Amino acid sequence: MEATLSPQSLGRPGFISDLRAFWAIVRREWTIFKRYPSWIIALFIWPLIFPMMYILTARALSGIDGSGLAVFTKTTGASNFIGYIVVGTTVWMWQNIVLWDVGFALRNEQMRGTLESNWLSPTWRFSYLLGHTGPQLITMTMFILITALEFGLFFGVRFNGSPWLALLVMLVSVPAIYGLGFAFASIVITAKEAHTFVFLVRGLVMIFCGITFPVSLLPGWMQTIATWMPQTYMIHGMRAAAFANASFADLWPDLRALLLFGVFWLTLGYLLFRWMERRARRTGAIGQY
Amino acid sequence: MSAFAIEAYQLVKKFPARPGTGDKPADREASPAQPKKRSLWPFGKKEPKALFTAVDGVDLQIQSGEIFGLLGPNGAGKSTTIRMLCTLLEPTSGTAHVNGYDVVKQANEVRRSLGTLLAGERSIYWKLTGRENLEYFAALYHIPQAMAKQRVEELIERMELKDRANELVEKYSTGMRQRVAIAKALLARPPILLLDEPTLGLDPQAARNLRELIAQLKQEGHTILLTTHYMEEADQLSDRIGIIDTGKVIALDTPEGLKRRIDQKEIIRLEVTGWQEYIGEKLRALSEVSNLVARKQGEADLWEVNLQSSNSRAVLPKLVENIGQNGTRLVNMNIVKPSLEDVFIHLTGKALRD
């Protein structure tokens, strides 16, 4: 049905218009991100601080002469304990930042008061979450590169695997990590508060996925739980690609699991978003602080 | 297609009553005969939720090119009605069409037909410049790039933001932010504008400028639904006014038509110092007095007392006699033409800002 009232709207719906709207959301997020100077701390200081806690603990436990490290190498098969820890903590920080950043994206808009004005436009609403992911991916890529540079520079960590395969593991991990973030974003809008859920998820990742130790050290039931968490495969795959010179065939079991988790979490994230959207129209949750 | 820009029939919106917020449950889905003990088992049969009716059977037919004022106190149901019309909320029952499109089934078409001002200055990004905000929202409203650029410049000029369009919105005054929010609503040149409390928080000059702009937009052919609790604003701008209270439209007419409803009444406006509520009770008991409302004026102990009477000659001596007691003093007294506020008091028995 065509509208008959004048003046006629200037809007021209279509796929290209939706793409332009998506790009506008990405640009908006990037512009706002740059205008908070705290991003310098987030990108340069954080990559060092968090792994340092585990690295210093490992140094203390290995003894004054570092003889204990031989035990670590025997258990993990990794000769570079710093690189081993850095991969685990970086994956943990990636998931943690996505939960806070993407997970709270809509909630932050809601508290600012801008969520309703976005919701009032004819743009496909899932774009608001997808658009938020764009700058997040850029900053996370920078975060991971800076981590690699800083640990190479200050701790002499050298990567002896294929950087392209390491990049492939990262790319294949994106749907699972961000799908979980999308699911969170919808829950946060509905529940208004989800800090305890974030603490729970990152605690589970910390304990079950072996961020500083091999999963094989865990009791059997904990290992079973670990197999249901995508971060386990991300950490395992990244370590193998970056430090164990693994081939594509070696990495395939991890990549396959990550792809399956990606399909699951993206689908769940989208379905939860649709559910939240419908529920918000019934309850008015979008406009509530 | 209907001749109306906006039409709503028996629009109802119910929300679960939130404990501790003063929401009064208007009804229940099913009233339990006996109060039941709360079960600790979370998956059992849930007790029916108490519901709060925010909008209760609203009918609206707004003509194309008309400014329609929806007037009512806070919590009367104005914003909920607007939120249903702009697709943010789904009606519990009833139907509504905007530009001929169903607000539930054709929500995206409705959004394309509307420019909406909700939440005023908070509806834009303070960490973006005025220009960046407009360019961003132009993309969200699917305006082609070249056209968007031209339209943004046009609106920056019109809203007198040119000198500061490249500054962050956080550095703007409230009035400037409100102008950016209005420019955002106008970006796609939508046929229908929903303006929710557009002058709230603005200084008198900024409010006057905004009222002039709204009048111009009508001249350009826009249909405007305006909600406000400023009587003078509704009176000055609106072709027709719907007065809404406790979720119901209790009167709908032109401003003059509404005022004619109490033509036979005289409005007596008193200014009193040392006002005490028991005097109000005594005056209300007089047979010639109806709808007495007393409001404190500013910080000093000065009160404005409005009342309606069908026979001011008979009631004036009684007023003077009752007020001049125990330190209460009559400072000023006028018999005035009825305003929309008097109509509202006549219809609801309370002042608009109560």
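Note that this is a predicted model, so its numbers are computed, not measured. A note on names: the letters A, B, ... follow the listed sequences, proteins ahead of strands, and every chain is numbered from 1.
- Side-chain contact between B:Tyr125 and A:Arg112: present, with at least one pair of heavy atoms (C-beta onward) separated by less than 4.5 Å.
- Here the straight-line distance linking atom CD1 of A:Ile32 with atom OH of B:Tyr136 works out to 8.5 Å at 0.5 Å rounding.
- B:Leu187 touches chain A through its backbone: at least one of N, CA, C or O sits under 4.5 Å from a heavy atom, while the side chain does not.
- Most heavy-atom pairs under 4.5 Å with chain A: of the set B:Leu89, B:Leu140, B:Asn108, B:Thr92, this distinction falls to B:Leu140.
- Neither the backbone nor the side chain of A:Leu115 comes within contact range of chain B, judged by heavy atoms closer than 4.5 Å.
- Highest contact tally toward chain A, considering only B:Met147, B:His142, B:Arg111, is held by B:His142 [criterion: heavy-atom pairs under 4.5 Å].
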Could you go through the side-chain contact (heavy atoms from CB on, under 4.5 Å) check for A:Thr31 and B:Lys127 one step at a time?
CA-CA 8 Å; A:Thr31 311; B:Lys127 275 284 175 193; over 6 Å; no
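- The two residues B:Arg83 and A:Glu116 come nearest to each other via the heavy atoms NH2-OE1, 2.8 Å.
- The number of heavy atoms from other shown groups lying within 6.0 Å of CZ (A:Phe197) does not exceed 12.
- Here B:Leu128 is the residue among B:Thr116, B:Leu128, B:Leu118 with the most heavy-atom pairs under 4.5 Å with chain A.
- Under the 4.5 Å side-chain criterion, counting only non-hydrogen atoms from C-beta, B:Phe137 is in contact with A:Ser117.
- When the heavy atoms of residues 14-24 of chain A are compared with those of chain B, the residues falling under 4.5 Å are A:Ser17, A:Asp18, A:Arg20, A:Ala21, A:Ala24, listed by number.
- Ion pair B:Glu132/A:Arg27 not flagged as a salt bridge, since none of the NZ, NE, NH1 or NH2 atoms sits closer than 4.0 Å to an Asp/Glu carboxylate oxygen.
- More than 12 heavy atoms of other residues, nucleotides or ligands lie within 6.0 Å of CD in B:Glu153, so this atom counts as buried by the packing criterion.
- Using a 4.5 Å cut-off between heavy atoms, B:Val103 touches chain A through its backbone atoms (N, CA, C, O) alone.
- By number of non-hydrogen pairs under 4.5 angstrom with chain B, the leading residue of A:Thr123, A:Asn118, A:Leu120 is A:Leu120.
- Distance OG1/A:Thr283 to CD/B:Glu90: 10.5 Å, rounded to 0.5 Å.
- Within 6.0 Å of CZ on A:Arg12 lie more than 12 heavy atoms contributed by other residues, nucleotides or ligands.
- Neither the backbone nor the side chain of A:Arg279 comes within less than 4.5 Å of any heavy atom in chain B.
- Neither the backbone nor the side chain of B:Ala138 comes within contact range of chain A, judged by heavy atoms closer than 4.5 Å.
- A distance of 15.5 Å separates CZ of A:Arg282 from NZ of B:Lys14, quoted to the nearest 0.5 Å.
- Contact residues of residues 128-142 of chain A toward chain B are A:Tyr128 (heavy-atom distance under 4.5 Å).
- Other residues, nucleotides and ligands contribute more than 12 heavy atoms inside 6.0 Å of the CD atom of B:Glu167.
- Within the 4.5 angstrom heavy-atom criterion, only backbone atoms of B:Ile124 (N, CA, C, O) approach chain A.
- Judged by distance alone, the side chain of B:Arg122 and the main-chain N or O of A:Met111 form a donor-acceptor pair under 3.5 Å.
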